[in-house]
Amino acid sequence: MRDHVKVANIGNIMKFESDTRSEVVAKNSTFGLSLFFGSQKSPVGYVNVNRILWHSLGARTNEQKQHRRIELERGTCHLVTVLKLQTMKTHRYNHGSSNKIFLTHVIMLLCLWEMASAATAKDPATQCGLSTPTMQSYYKDGNVTIGILAAVHLETIIPSTNLLLTEPPASRRCQNIYTEFYQCVLAMVFAISEINRSPELLADTTLGFQIYDSCSSELGAIGGTLQHLSGGKKTIPNYDCHLSPKLAGFLGDGLTVGALPMARILGVSRIPQISYGAGLPILSDKDQFPSFLRTVAGTSFQVEAILQILLHFRWAWIGILASNNDFGLQGSQMLKEEAVRNGICIEIFETLPTQASRAALARVIDIIQSSTAKVIVCYAFAVHMTPFLNEISRQRIAPKIWIGVTSWIPSPVFSQTGLWQILNGTLALTLERGEIPGFKEFLYSINPWVDSEDIFLKSFWEQVFSCKWPENFIEPNFGNMTYLKGLCTGREKLQLLDTSVFEVNYFLFPYNAYKATYALAQALHNLLHCKPQDGPFTNRSCADPKDFQPWQMLHYVKNVHMKISAGSEILFDSNGDTPPLYDVLYWHMTSSDSSSFVKVGTYNGQAPQGLKLVINKSAILWGGKHTQVPLSVCSESCSTGYRKSTITGRPKCCFTCLLCPDGSIANQTDSLECMNCPDDHWSSNEKDRCIRKKIDFLSYKEPLGLILAIISVFLFLNATVILCIFIKYQHTAVVRANNLNLSYILLVSLMLCFLCSLIFIGLPSRVTCMVRQVIFGISFSTAVSCVMAKTVTVVIAFRATKPNSNLRRWIGTRTSLSIVLTATFIELSLGVIWQWTWPSFPELNNSFNSWKIEAECNEGSIQMFYCMLAFMGFLACVSFGIAFLARNLPDTFNEAKFITFSMLVFVSVWLSFIPAYLSTKGKYLVATEIFAILSSGAGVLYCIFAPKIYIVFLKPEKNTKNLGHKH
């Protein structure tokens with residue numbers, strides 16, 4: 001056997017060979033290198049050491065050695081030796097040879113360790129890990145551990161940096177216990193203790209935990225995460241130095257400021273992280289944060305909930321204030337975009353200064369004071385809101401309606417009585433609260449003397465009881481009360497604290513922390529209880545329960561779906577978010593020294609559209625006394641009947657209201673456009689609805705139609721009475737003069753003229769439209785032809801008195817009847833041709849009046865109507881001419897003068913009718929025609945027959961000429 005060992009460094013694998021044909025192979029693994037002893041065919045054992053140690057042995061130059069020493073310090077500084085000796089049936093060495101090989105290997109390992117220690121000792125400046133301050137942690141051992149980051153303290157104090165670096169930088173300090181997030185720590189500890197006692201969940205596994213305080217800062221979150229991953233007191237980036245216990249995942253941070261850098265670090269290795277309070281929208285991006293999940297809804301859902309509140313109360317003119325960080329800037333920008341998309345205008349969009357200087361706050365407050373928006377949405381943290389509200393209170397700004405988001409509702413801001421007047425009436429959006437069974441008793445049971453491992457408890461005790469722990473404090477004799485004044489004893493009663501300081505019933509972030517703990521535990525339980533050949537991984541395999549990988553654990557966390565004893569359901573969507581469920585709270589002063597939050601509504605993101613937001617308006621007293629919702633608009637809302645008209649140079653929420661024009665309406669408030677009514681409808685006087693147009697026609701129910709009908713009937717009765725008188729006195733001279741039969745026909749035709757006017761009154765129909773003009777034409781043509789026949793008879797009678805006159809043969813009734821029949825036939829023919837070729841029909845016409853529809857008769861051919869009138873005019877003109885020539889003929893009962901006057905009236909009426917007919921529309925056109933019929937008919941009736949009636953009744957002595965009797 002040769003007395004040296006040959007070392008070969010090939011990539012990440014090193015081989016050590018000896019004459020015994022055994023070999024030592026160093027091979028990369030997650031926690032270091034595995035050394036295999038013996039030949040490949042016959043291994044006898046292995047040792048697991050750090051790869052950096054072997055690299056340092058492979059260095060040749062001084063520079064390489066220095067580099068290897070530094071790498072050694074950054075690695076995990078431990079050496080684990082595991083010896084596994086096997087007796088192989090086919091082993092070709094004897095028992096003595098095996099002992100020699102084993103002894104050689106042990107000596108070689110000891111030499112290597114001494115060489116590494118010596119290399120490290122040569123350079124004192126090189127230490128194992130980064131030279132960062134060690135963070136204290138609250139630790140409990142277990143088979144599997146959970147890393148927890150919580151913002152137990154509200155503020156981080158970073159001392160001023162010495163720019164010359166002449167002395168070491170001072171360490172940061174944390175102050176002001178954040179009670180609610182400390183309760184998150186207690187809720188997770190409580191949940192882990194419940195799980196460890198549970199016979200069903202992780203029955204054979206004990207969960208441990210290691211809790212770091214991020215102090216609401218990025219530095220604290222990063223430091224705690226790296227220190228936990230390093231597995232010791234030193235921080236070693238990019239190294240997981242846990243050999244035991246196994247890390248299940250991380251819970252926290254509760255604030256976005258800490259959860260975001262954690263997610264970037266843990267996402268690289270796919271280590272599961274469940275936050276119980278971080279709501280930044282970008283954390284839902286699985287490309288950037290693949291291993292991040294949360295038991296609270298992301299702020300993208302919060303934006304939708306706030307938007308629904310604004311729309312519910314019709315607040316269209318608002319301001320937005322945001323913290324100058326990722327949460328505030330991203331959330332406020334999303335809210336602004338969604339608000340503008342839904343017609344809400346942003347008058348104020350400002351960021352609150354991180355360092356609250358009075359000058360920076362004054363600038364923001366001046367903008368708010370000069371604004372007209374009454375609603376301000378605050379997308380900020382309590383640490384930024386507190387100095388801002390204090391400055392608002394100092395300057396006595398006009399009251400505003402503040403809408404708070406989950407980042408500062410609830411918070412210690414509301415415990416400051418000086419701000420109550422400013423905050424009175426605040427609406428707040430908060431995450432779902434829940435009750436944790438048994439947690440109240442657990443909270444009351446904590447005590448610094450009992451829970452000495454809790455590194456946060458004493459600080460919490462000092463803050464809530466306003467006392468100080470003395471140094472080297474030993475539980476005192478309580479008889480000496482003077483000695484105890486101002487000092488903490490540990491016997492203070494948590495039960496005496498107000499719920500505004502120490503909530504013990506319904507929890508917000510502690511409830512979500514409790515759920516996050518159970519989600520991680522359930523995922524671990526599912527991983528450990530995976531059945532072989534039924535797993536979710538390649539070839540339906542399961543994870544190794546003793547050496548599972550972070551990505552395998554992440555798979556189970558993403559697929560958790562369970563209900564906890566508190567009654568809540570735990571599940572995650574594809575983005576790692578929990579379905580959104582918010583409470584809408586209303587904060588008000590109940591008296592000068594008390595205040596409270598009142599739940600007035602809920603927002604459920606999974607509910608149907610229109611039912612997501614439910615608010616009880618009656619539970620809200622605006623300003624402490626008004627139920628009327630205050631307006632926050634740039635311009636008053638336009639009522640129905642008006643449309644909005646934008647003002648040039650102003651946001652679209654600033655507008656004027658214009659009344660809709662006739663025929664169009666706006667049936668909703670704040671209408672952008674007016675809607676035109678259908679053709680058969682018209683706008684109401686208020687322009688808020690379309691009403692059906694009135695069908696207008698000359699009706700018996702309206703005064704005009706009724707008067708014309710009465711006149712028609714009266715004239716008809718007059719003609720009837722005259723006819724009766726003529727029949728009674730038919731043998732008298734005055735009645736028999738100028739052809740009695742023509743007088744009868746004339747009276748009957750005038751009676752028909754008066755009656756036909758009634759056909760024009762009422763709703764037109766197809767029958768009335770077709771017959772009214774024909775009857776009117778025939779009756780009037782008959783009447784006028786009778787008048788003409790009378791005139792011709794008079795002329796012929798006087799002309800035929802000469803001897804041998806040819807006119808004698810025309811004397812008699814035959815001539816007059818021929819004239820009447822001929823004229824009537826011609827008029828009848830015109831009427832028949834008209835209605836046969838271009839029949840009249842009823843129609844609804846809305847072109848004359850926009851607010852009503854005219855029911856009228858379409859004459860079919862207006863030319864035929866004028867032809868009828870022209871023929872009647874011709875007859876009247878002929879009669880007028882003949883009568884005018886015969887007016888001076890000597891005869892006691894000569895009618896020529898009266899016929900002249902009657903025809904003069906007739907022609908005058910119808911000549912004036914034509915322009916009136918052309919200038920009027922609708923029912924007034926019908927009334928004009930009726931008036932022309934009645935007036936012309938009355939002129940003929942009274943001009944011709946009134947003198948005869950006068951003689952019959954008042955001058956009977958003139959009616960004595962004996963004309964003889966015809967047999």
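Remember, predicted model here, so these are calculated numbers, not experimental data. Sequence positions, counted from 1, serve as the residue numbers for this chain.
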Side chains of Leu494 and Leu497 in contact at under 4.5 Å (non-hydrogen atoms): yes

From CG (Asn447) to CG (Asp454), nearest 0.5 Å: 11.0 Å

Val152 to Asp213 - nearest heavy-atom pair and separation: N-OD1, 3.0 Å

Test item: Gln308 side-chain N/O and Lys612 main-chain N/O as donor-acceptor pair under 3.5 Å: no

Aromatic ring proximity, centroids under 6.0 angstrom, Phe301 and Tyr582: no

Note, His561 side chain near Phe572 side chain (heavy atom, < 4.5 Å): no

Considering all heavy atoms, the nearest Glu492-Cys467 contact: OE2-SG, 4.4 Å

Polar side-chain atom of His525 near backbone of Ala521 as donor-acceptor pair, under 3.5 Å: no

Rounded distance [0.5 Å steps], CG in Asp141 versus OG1 in Thr206: 9.0 Å

Beyond-backbone contact of Gln183 with Leu443, side-chain heavy atoms, under 4.5 angstrom: yes

Glu391 side chain reached by Arg358 side chain, heavy atoms, under 4.5 Å: yes

CZ on Phe465 to OG1 on Thr489, rounded to 0.5 Å: 9.0 Å

For residues 193-204, which side-chain N or O atoms pair as donor and acceptor with protein atoms under 3.5 Å away, sequence neighbours left out?
residue, atom, partner, partner atom, Å
Ser193, OG, Val189, O, 3.4
Ser193, OG, Phe190, O, 2.6
Glu194, OE1, Tyr514, OH, 2.6
Glu194, OE1, Tyr518, OH, 2.8
Asn196, OD1, Leu207, N, 2.8
Asn196, ND2, Ile192, O, 3.3
Asn196, ND2, Leu207, O, 3.1
Arg197, NH1, Ser193, O, 3.4
Ser198, OG, Glu200, N, 3.2
Ser198, OG, Leu201, N, 3.1

Polar side chain donor-acceptor pair, Asp577 to Ser284, under 3.5 angstrom: yes

Whether over 12 other heavy atoms sit under 6.0 Å from Tyr444 OH: yes

Modelled atom types, side-chain donor and acceptor of Asp253 and Ser214, under 3.5 Å: yes

Ile274 side chain near Val557 side chain, heavy-atom distance below 4.5 Å: yes

Asn176 side chain to Tyr178 side chain, donor-acceptor N/O pair below 3.5 angstrom: no

Smallest separation among heavy atoms of Asp451 and Ser445, with atom names: OD2-O, 4.3 Å

Minimum heavy-atom distance between Leu283 and Ala263, given as atom pair plus value: CD2-CB, 4.2 Å

Mutual orientation of the aromatic rings belonging to Phe313 and Trp622 [parallel < 30°, tilted 30-60°, perpendicular > 60°]: perpendicular

Closest contact, heavy atoms only, Thr426 versus Gly404: CG2-N, 4.5 Å

Contact check, side chains of Ser568 and Tyr511, non-hydrogen atoms, under 4.5 Å: yes

Test log, rule salt bridge (Lys or Arg N to Asp or Glu O under 4.0 Å), inputs Lys140 and Glu453: CA-CA 8 Å; Lys140 186 174 182 180; Glu453 295 177 346; over 6 Å; no

Atom of Thr295, atom of Thr578 and distance for their closest heavy-atom approach: CA-OG1, 3.2 Å

Point-to-point distance, once rounded to the nearest 0.5 Å, from OH of Tyr506 to CD of Glu435: 5.0 Å

Value rounded to 0.5 Å, distance of CZ in Phe509 from CZ in Arg433: 9.5 Å

Whether Phe181 and Tyr276 hold their rings parallel, tilted or perpendicular, with breakpoints at 30° and 60°: tilted

Donor-acceptor pair, side chain of Ser323 and main chain of Phe381, under 3.5 angstrom: yes

Side-chain donor or acceptor of Thr517 paired with backbone N/O of Ala513 under 3.5 Å: yes

Whether Phe456 and His153 hold their rings parallel, tilted or perpendicular, with breakpoints at 30° and 60°: perpendicular

Leu251 side, atom CG; Leu149 side, atom CG - distance, nearest 0.5 Å: 9.5 Å

Check: His228 ring centroid to Phe250 ring centroid under 6.0 Å: yes

More than 12 heavy atoms of other groups within 6.0 Å of Glu569 CD: yes

Test item: side-chain donor near acceptor, Gln210 and Ser137, under 3.5 Å: yes

Sub-6.0 Å ring centroid separation between Tyr212 and Tyr139: no

